[in-house]
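So the structure is just underneath, and the comments pick up after that.
These figures come from a predicted structure and were not determined experimentally.
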Amino acid sequence: MGAAMIAALGLQAQKPMKAPAGGKAISDELIGIFFEDISNAADGGLYAELIQNGSFEFNTTERDGWGPGTAWKFLRPGHSLGYMRPCMEKPLHKNNPTYMRIHIERSREFYDYKGWKGVGLQNDGYNGISVKAGQKYDFSAFFRNMNRQNDKDIRIALVEPQGWGKDPKVLAESTINVNAVDWERCFFTLTPDADCKNAALQILVLTQGDIDIDEVSLMPQDTYKGHGLRKDLAQALADLHPKFMRFPGGCVVHGGGDGFWDTYRWKNTIGPRQTRASLKNTWGYHQSMALGYFEYFQFCEDLGMEPLPILPCGVSCQGTNGGWNMYPTQAQDVVPMSEMDEWVQDALDLIDWANGDGTTEWSRKRVEAGHPKPFNLKYLGLGNEEKISPEFCERFKYIYERVTKAHPEIIIVGTAGPGSHPGNADLENGWKLAEELNMPIIDEHYYEPNEYFLNKRQYDNYSRDRKTKVYLGEYAAKDKKLIDALAEGLYLLHVERNGDIVAMTSYAPLFARRDNTNWNPDMIYFDNERAYLTCSYYVQQLFGQSAGQYYYGDCVKFEGDAADAIQPLENVHYGQSVVLNVKTRKLYVKICNASDEAKKANINLSRFGIKKNVVKTVIAGSANDENNYDQQPIAPQKETIKAQKKFTLDVAPYSFVMLEYNL
């Protein structure tokens, strides 16, 4: 809302306040999200497309037994005769080379099928298609009629299968006529008359001859802000209040299994969907790239997040083709230095695509896609937890120096390699490289049992003389119980205290589909109908809601601690943080008790001009409580209470408390 509109409505704009003495300036972008296409997070997940393998591009390279017909069933109801076969002659697009040809020899109704006839295909989506009565679903597909002498009638239906030998229940249907002898896209809308959790899409050709079909799609009209993302999953991310999003990975960035042909290249993920080059996913399934760089940037804009794209830099994952299992032998591969200019150009072109004025080659592509205004890219990541080998350092320097020279305004995020713990050789080598290059931010990753997060406070010992800030880009306790979430929360209190060093954090992984989970734990699990939010999700949400620019360490003291024990120490399973947001004029007091004993916290907020009420949010339960598909015992409980400047707060065992004050 602009100043003119505020004035017109008779409202008073909120003015930033001056921070009281005693605060330390910290990053207000500490909490973000990390999206990687792992566990079907994109196709079958955040991207709302309901058809699986609509482009017929699945193949055995991705998974044994897969092929163009994966996720499809061949249909010949009634007494119809015909066949289908995958083809590649004169495809829809060179990046989408496979399509399906349906041959109809005879389309006849047989008395047992009560009107069902034709030859065609059925797609069950991702273990069934979930549809709602009265909701609209947009069908589209490309067709090509191979017989000029006759048009083709095609019946498209959403059905609920009733079992072998029984007619499916029709939820919605339409018949179209195809006469184009070259590829032509057909559109129409299906509106089911009943809810169904396991619907299927049927495409039945009713006229004799041959017809080609490709790029079949069924999209709900009701998507997040109309941009093609599944509403409940997108809203769950919006409710985290993230300040940035890192994408598209993760190991997805640089490939992990098959060589540089399998590396994620952003240029293949923009433009019309049928022109995007699909790719084997590092995690062993197919990436359609329908959720590509344009959609990622658009989603960042929708949520007010800074986009943080991560680009490969000519070095593969050291886990390539089983390299992790061959330790200490690593399988890291590198491109020849003579080819590095291509990877540099990819980075420069991405900046132009995102930030250009529309007059250059790549920025024109953004404009043509429907986004005339620049995306205002601020951050760019190069590399993802590659082993910090001499070969990596040589290639990273090459791309880093050229990108920063061309675009000094872009903040480059580097990598500290896998397993970023003090004493780790890759971490030490990563920091040496960062300091040599005066790198703005370095990305650290670690997954550990909850004991690590309960007991370690490593950023207390980081030097304040370093120019390079820390991005904790991937971390999680290795389970999803309440004690794990509290361990992460306690660690984040430590991160806030060191918010002058740590600039950004993101829990990982973000999403996991119920029937295709590659990694545990994850923050959000989902199936076709719903999502369930883990204990860690709710802790992350509290931190996302309570961003600020100043940290105060002397406002909370726990009874029983020494008089000068203001900050949590290692091996102490409780802690606190007080954060002030001068922009929103809000003060947040956060207290985590991950121990089995109740605590008393003496709180003194006398320096702040707090108002009469405060919102108290509590997450509490037993240490081993866990949210899952069957039950979700852990969720934040809110209440509004009278505000006090000096008081004692009782903090239950295994609980997290946040107090939100208006100033």
Side-chain angles (χ1 to χ4, degrees), residues 43-44 47-58 67-75 82-104 107 118-126 129 131 136-147 150-159 168 170-192 199-207 209-221 223 228 271-276 278 286 288-291:
D43 295 331
Y47 192 64
E49 174 62 64
L50 298 172
I51 299 302
Q52 184 174 187
N53 193 19
S55 62
F56 307 101
E57 298 295 335
F58 282 32
T70 298
W72 292 94
K73 297 175 182 176
F74 179 50
L75 297 179
Y83 61 83
M84 70 176 188
R85 65 182 175 90
C87 297
M88 301 181 75
E89 302 88 10
K90 297 182 180 180
L92 177 61
H93 191 273
K94 65 180 182 179
N95 289 339
N96 183 13
T98 309
Y99 56 91
M100 198 63 73
R101 176 164 295 170
I102 301 173
H103 171 75
I104 308 90
S107 176
V119 177
L121 301 168
Q122 174 175 309
N123 193 290
D124 297 337
Y126 296 86
I129 298 173
V131 296
K136 297 182 182 299
Y137 299 86
D138 291 334
F139 170 87
S140 67
F142 284 88
F143 294 100
R144 180 170 60 186
N145 185 0
M146 301 303 293
N147 307 99
N150 64 337
D151 296 353
K152 298 292 189 299
D153 290 326
I154 304 175
R155 182 185 189 185
I156 315 293
L158 266 174
V159 302
V170 178
L171 304 169
E173 66 176 320
S174 183
T175 300
I176 59 174
N177 181 268
V178 175
N179 56 21
V181 295
D182 201 355
W183 288 110
E184 182 177 71
R185 195 173 190 183
C186 297
F187 301 86
F188 60 85
T189 300
L190 293 168
T191 306
L201 179 75
Q202 293 190 345
I203 303 171
L204 289 166
V205 186
L206 308 178
T207 312
D210 294 290
I211 192 164
D212 295 337
I213 182 171
D214 202 359
E215 205 62 42
V216 182
S217 172
L218 185 68
M219 286 283 287
Q221 284 189 3
T223 61
R273 179 168 159 176
Q274 68 271 17
T275 69
R276 300 184 185 188
S278 59
H286 185 86
S288 72
M289 299 303 179
L291 178 57

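- Judged purely by atom type and a 3.5 angstrom limit, Asn53 uses its side chain to pair as donor or acceptor with the backbone of Phe58.
- In summary, the side chains of Ser288 and Asp43 do present a donor paired with an acceptor at a separation below 3.5 Å, with no hydrogens or angles considered.
- Looking only at distances, a side-chain donor or acceptor of Asn95 sits under 3.5 Å from a matching main-chain atom of Thr275.
- Note that the CE atom of Met146 and the NZ atom of Lys152 stand 9.5 Å from one another [nearest 0.5 Å].
- The side chain to side chain donor-acceptor pair (under 3.5 Å) pairs that include a residue from residues 174-183 are Asp153-Asn177, where partners are two or more places apart or lie in different chains.
- To the nearest 0.5 Å, the span separating CG on Leu75 from CE on Met84 amounts to 8.5 Å.
- With a 4.5 Å cut-off on side-chain heavy atoms, Pro220 and Leu50 count as touching.
- Distance check, rounded to the nearest 0.5 Å: CG of Leu171 to CG of Leu190 gives 10.0 Å.
- With sequence neighbours excluded, no residue forms a side chain to side chain donor-acceptor pair (under 3.5 Å) with Ser55.
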Before giving the answer on side chain to side chain contact (heavy atoms under 4.5 Å, CB included), spell out for Ile156 and Ile154 the whole-Å C-alpha distance, their side-chain angles and the decisive distance to 0.1 Å.
CA-CA 6 Å; Ile156 315 293; Ile154 304 175; 3.6 Å; yes

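- Of the inter-residue distances, the one linking Glu215 atom CD with His93 atom NE2 reads 11.0 Å to the nearest 0.5 angstrom.
- Remark: the backbone N or O of Gly228 is paired with a side-chain donor or acceptor of Thr223 at under 3.5 angstrom.
- To the nearest 0.5 angstrom, Leu92 atom CG is 11.5 Å from Ile213 atom CD1.
- The nearest pair of heavy atoms linking Asp151 to Asn145 is CA-ND2, 3.8 Å.
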Applying side chain to side chain contact (heavy atoms under 4.5 Å, CB included) to Leu158 and Leu218, what does each step give before you reach the verdict?
CA-CA 10 Å; Leu158 266 174; Leu218 185 68; 3.9 Å; yes

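- Annotation for Ala290 and Arg276: closest pair O-NH1, 3.1 Å, computed over non-hydrogen atoms.
- Checked against salt bridge (charged side-chain N to carboxylate O under 4.0 Å, His left out), Glu173 has the following partners two or more places apart in sequence or in another chain: Arg155.
- Taking CG of Asp138 as the start and CD of Gln221 as the end, the distance is 4.0 Å to the nearest 0.5 Å.
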Given Phe143 and Val205, is the side chain to side chain contact (heavy atoms under 4.5 Å, CB included) satisfied, shown in steps?
CA-CA 11 Å; Phe143 294 100; Val205 186; over 6 Å; no

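- For Glu57, there are no salt bridge (charged side-chain N to carboxylate O under 4.0 Å, His left out) partners at least two apart in sequence or on another chain.
- The minimum heavy-atom distance between Arg185 and Ser140, with the atom names listed, is NH2-OG, 3.3 Å.
- Side-chain contact between Trp72 and Val216: present, with at least one pair of heavy atoms (C-beta onward) separated by less than 4.5 Å.
- The backbone N or O of Asp210 lies less than 3.5 Å from a partner atom in the side chain of Asn147, making a donor-acceptor pair.
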What verdict does the ring pair (Phe, Tyr, Trp, His ring centres under 6.0 Å) test give for Tyr99 and Phe56, after you've listed the backbone C-alpha separation in whole Å, the side-chain angles of each residue and the deciding distance to 0.1 Å?
CA-CA 6 Å; Tyr99 56 91; Phe56 307 101; 8.7 Å; no

I'd like to know whether Tyr47 forms a side chain to side chain contact (heavy atoms under 4.5 Å, CB included) with Met289, so could you lay out the CA-CA distance, the side-chain angles of the two residues, the decisive distance to 0.1 Å, and finally the verdict.
CA-CA 10 Å; Tyr47 192 64; Met289 299 303 179; over 6 Å; no

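- Closest approach of Lys136 and Thr189 over heavy atoms only: CB-CG2, 3.7 Å.
- Sequence neighbours left out, the pairs with a member in residues 83-101 that pass salt bridge (charged side-chain N to carboxylate O under 4.0 Å, His left out) are Arg101-Asp212.
- Shortest non-hydrogen contact noted between Ser217 and Glu49 is OG-OE1, 2.6 Å.
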For residues 118-126, which side-chain N or O atoms pair as donor and acceptor with protein atoms under 3.5 Å away, sequence neighbours left out?
{"residue": "Gln122", "atom": "OE1", "partner": "Gln202", "partner atom": "NE2", "Å": "2.6"}
{"residue": "Gln122", "atom": "NE2", "partner": "Asp124", "partner atom": "OD1", "Å": "2.9"}
{"residue": "Asn123", "atom": "OD1", "partner": "Gln52", "partner atom": "N", "Å": "3.4"}
{"residue": "Asn123", "atom": "OD1", "partner": "Gly125", "partner atom": "N", "Å": "2.7"}
{"residue": "Asn123", "atom": "ND2", "partner": "Gln52", "partner atom": "O", "Å": "2.7"}
{"residue": "Asn123", "atom": "ND2", "partner": "Ala71", "partner atom": "O", "Å": "3.3"}
{"residue": "Asp124", "atom": "OD2", "partner": "Lys73", "partner atom": "NZ", "Å": "2.9"}

